[in-house]
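Have a look at the structure below before the remarks.
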Number of protein chains: 2
Amino acid sequence: MDTKTKILNAAEILFAEKGFTATSLREITSDAEVNLAAVNYHFGSKKELIKALMKRYLDQLSPVLVSSLVKVNEQTQKPTLEQVFTAFVEPLLSLNAYRQNGTSIFLQLLGRSYTDSQGFLRWFITTNYPGIIDNFVTAVHRAYPELSTEDIFWRLHFTMGTAVFTMSSTGALIDIAENDFGEKVDVAGVIYRIIPYVAAGVGAPISRV
Amino acid sequence: MDTKTKILNAAEILFAEKGFTATSLREITSDAEVNLAAVNYHFGSKKELIKALMKRYLDQLSPVLVSSLVKVNEQTQKPTLEQVFTAFVEPLLSLNAYRQNGTSIFLQLLGRSYTDSQGFLRWFITTNYPGIIDNFVTAVHRAYPELSTEDIFWRLHFTMGTAVFTMSSTGALIDIAENDFGEKVDVAGVIYRIIPYVAAGVGAPISRV
DNA sequence: TGTCATTTTAAACGCATGTTTTAAAAAATA
DNA sequence: TATTTTTTAAAACATGCGTTTAAAATGACA
């Protein structure tokens, strides 16, 4: 395995666990068993490493997800919100074949990228992968045409929060669920539990405040 | 104003804006116009300062919030989920009378405390203010008795994720909303937008997977 | 095999962090 | 007022950070 990949593989786990700022290059290179300077040699800087990491996942996910959303938009005149959100499941879980715990790691990284760094990664994602957001918004709009653009904006962010927050503590939650309810759950199980929740949330009646 | 208060007032703003790790004691003491060593003298450490900060808010909020939830449980035989979540609004907004932008600052700090630090504040809150969670779960159970304990567990966690994630990025979101839609939103506006969402999410039909 | 470019290595740089120390100043107490 | 306690002040400390440097090792290719 080449040095670049070793760094990426070690970095994604640490970043997902502890966040970008709380993870040092020394930890990463130590776990990856490469020299400290290798990060700056191969990626230029820590910031560029983070970008490369997200790119590796997004390049994998984006085409699959976009085509899944396009399919929903083409096949159904007026999809249900459950159908829209279910379109995420298979593409997201396909990341598990790509990398071990890929789904969980990616969602955690996504969450970190929103809260940790002051929005530079947010910009990176939205400008480089507009197809995801566009097709998603379109699908939601078709499923619930009465929702205004603002409503969609806010409710999609709430949904993002639900997914990201849940995934970042999935390990602990799965343990609790098993201890307290004797219920065995895995990442896929959690995703299937989230869908009715977010579908109902996005589909909530429009409130007149 | 005494040194302790000056530090707390300066710290809460910086912490809410940038997170705990990204804010240095030198920034805080500079803004507060006190000596650098004052933090460690008065609070012992940065960690204790953060705890003191959360305590100042939670001591203010907790009794009001608990009594608001108790009122819902006592006054209505079977409250709606909207009623349950609406019970949070007034207590939260009352923090604005307590400190300028108190609601926003507190919610952002709460969000930071879940994602930034590795759960020590999470423990601090749940162990020191159990009345909030207990009364909340009771209210949800009365509003939707068909929900199993597992379902409540998962859905309340999703709800927490929605709130926490949204609040920790409220600043950025409000800016985007204004730029993209020319829509001026404040914290109260965000809270009122969240309520229908989480109420519908928790109230979603029980899915048989 | 010798030459050149690429990659790895160890060390150091400059800087920022939380914390501690030591002494002076202020406030409280008697 | 004299003495003790609390608070401020400036400086230094120890540590960890991202990054850079310069030499050594490795690889590709004529």
Side-chain angles (χ1 to χ4, degrees), chain A residues 1-56 109 112-113 115-124, chain B residues 1-56 108-109 112-113 115-124 168:
Chain A
M1 196 189 306
D2 67 339
T3 304
K4 259 179 124 162
T5 310
K6 280 201 271 188
I7 292 173
L8 287 172
N9 291 354
E12 68 172 19
I13 293 171
L14 289 168
F15 280 148
E17 266 176 9
K18 320 173 32 170
F20 300 120
T21 54
T23 302
S24 71
L25 296 185
R26 282 167 179 82
E27 283 180 89
I28 293 170
T29 52
S30 169
D31 276 23
E33 292 177 319
V34 302
N35 190 271
L36 167 62
V39 170
N40 283 279
Y41 176 76
H42 285 286
F43 297 96
S45 68
K46 188 181 182 179
K47 227 174 193 174
E48 290 298 323
L49 167 63
I50 297 172
K51 273 197 208 172
L53 205 46
M54 295 309 289
K55 182 171 156 45
R56 193 167 70 147
L109 290 176
R112 300 288 186 189
S113 77
T115 53
D116 256 45
S117 51
Q118 301 88 348
F120 95 93
L121 246 169
R122 182 208 177 83
W123 164 87
F124 174 75
Chain B
M1 196 191 308
D2 67 340
T3 304
K4 259 178 124 162
T5 309
K6 280 201 271 187
I7 292 173
L8 287 172
N9 291 354
E12 66 172 19
I13 293 172
L14 290 168
F15 281 148
E17 266 176 10
K18 320 174 28 170
F20 299 119
T21 55
T23 302
S24 70
L25 296 183
R26 281 168 179 81
E27 284 180 89
I28 294 170
T29 52
S30 169
D31 276 24
E33 293 178 318
V34 302
N35 190 269
L36 167 62
V39 170
N40 283 280
Y41 175 76
H42 285 286
F43 296 96
S45 68
K46 188 181 183 180
K47 228 173 194 175
E48 290 297 323
L49 166 63
I50 297 173
K51 272 197 209 171
L53 207 44
M54 294 308 290
K55 184 171 155 42
R56 193 168 68 149
Q108 285 182 254
L109 290 177
R112 301 284 187 195
S113 75
T115 52
D116 255 44
S117 52
Q118 302 86 348
F120 96 92
L121 246 169
R122 182 204 182 91
W123 164 88
F124 175 75
S168 63

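Order of the sequence lines fixes the chain letters, A, B, ..., with proteins taken first and strands second; residue numbering starts at 1 for each chain. Computed from a predicted structure; not experimentally measured.
Summarising the geometry, the separation between CD on B:Glu27 and P on C:dC15 is reported as 18 Å, rounded to the nearest angstrom. Rounded to an integer number of Å, the gap from A:Glu48 CD to D:dT19 C1' is 14 Å. B:Phe43 places its CZ atom 14 Å from the C1' atom of D:dT7, with the value rounded to the nearest Å. Counting to the nearest Å, the P atom of D:dT19 and the CG atom of A:Leu25 are 6 Å from each other.
At least one side-chain nitrogen or oxygen of B:Ser24 sits closer than 4.0 Å to the OP1 or OP2 atom of C:dT17. The side chain of A:Thr3 contributes an N or O atom lying less than 4.0 Å from OP1 or OP2 of C:dT8. For the OP1/OP2 pair of C:dT19 and a distance below 4.0 Å, the side-chain nitrogens and oxygens of B:Asn40 include at least one atom meeting the criterion. At C:dT6, none of the side-chain N or O atoms of A:His42 fall inside 4.0 Å of OP1 or OP2 (strictly under the cut-off).
When each of D:dT8, C:dT6, C:dG18 is scored by its nearest atom to the side-chain atoms of A:Tyr41, the top-ranked nucleotide is C:dT6. For A:Asn35, taking side-chain heavy atoms from C-beta onward, the closest of the listed nucleotides D:dC17, C:dT9, C:dT17 is C:dT9. The side chain of B:Ala37 approaches D:dA10 more closely than any other nucleotide in the set C:dT6, D:dA10, D:dT8.
A donor-acceptor contact under 3.5 angstrom links the side-chain atoms of B:Arg26 to the base of C:dG18.
Judged by closest nucleotide on DNA chain C, A:Leu36 is the one of A:Leu36 and B:Lys46 placed further toward the 5' end. Position along DNA chain C of the nearest nucleotide to B:Thr23 versus A:Glu33 favours A:Glu33 as the more 5'-ward residue.
Environment of NZ in A:Lys6: crowded, with over 12 heavy atoms of neighbouring residues, nucleotides or ligands closer than 6.0 Å.
Closest non-hydrogen pair, B:Arg112 versus B:Glu17, comes out as NH2-O, 2.9 Å. Nearest approach of A:Phe15 to A:Ile28, heavy atoms of both residues: CZ-CD1, 3.6 Å.
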Open item on the list: Under the criterion side-chain contact (heavy atoms from CB on, under 4.5 Å), I'd like the reasoning laid out for A:Leu49 against A:Asn40: C-alpha separation, chi angles, the key distance, then a yes or no.
Closed with: CA-CA 9 Å; A:Leu49 167 63; A:Asn40 283 279; over 6 Å; no
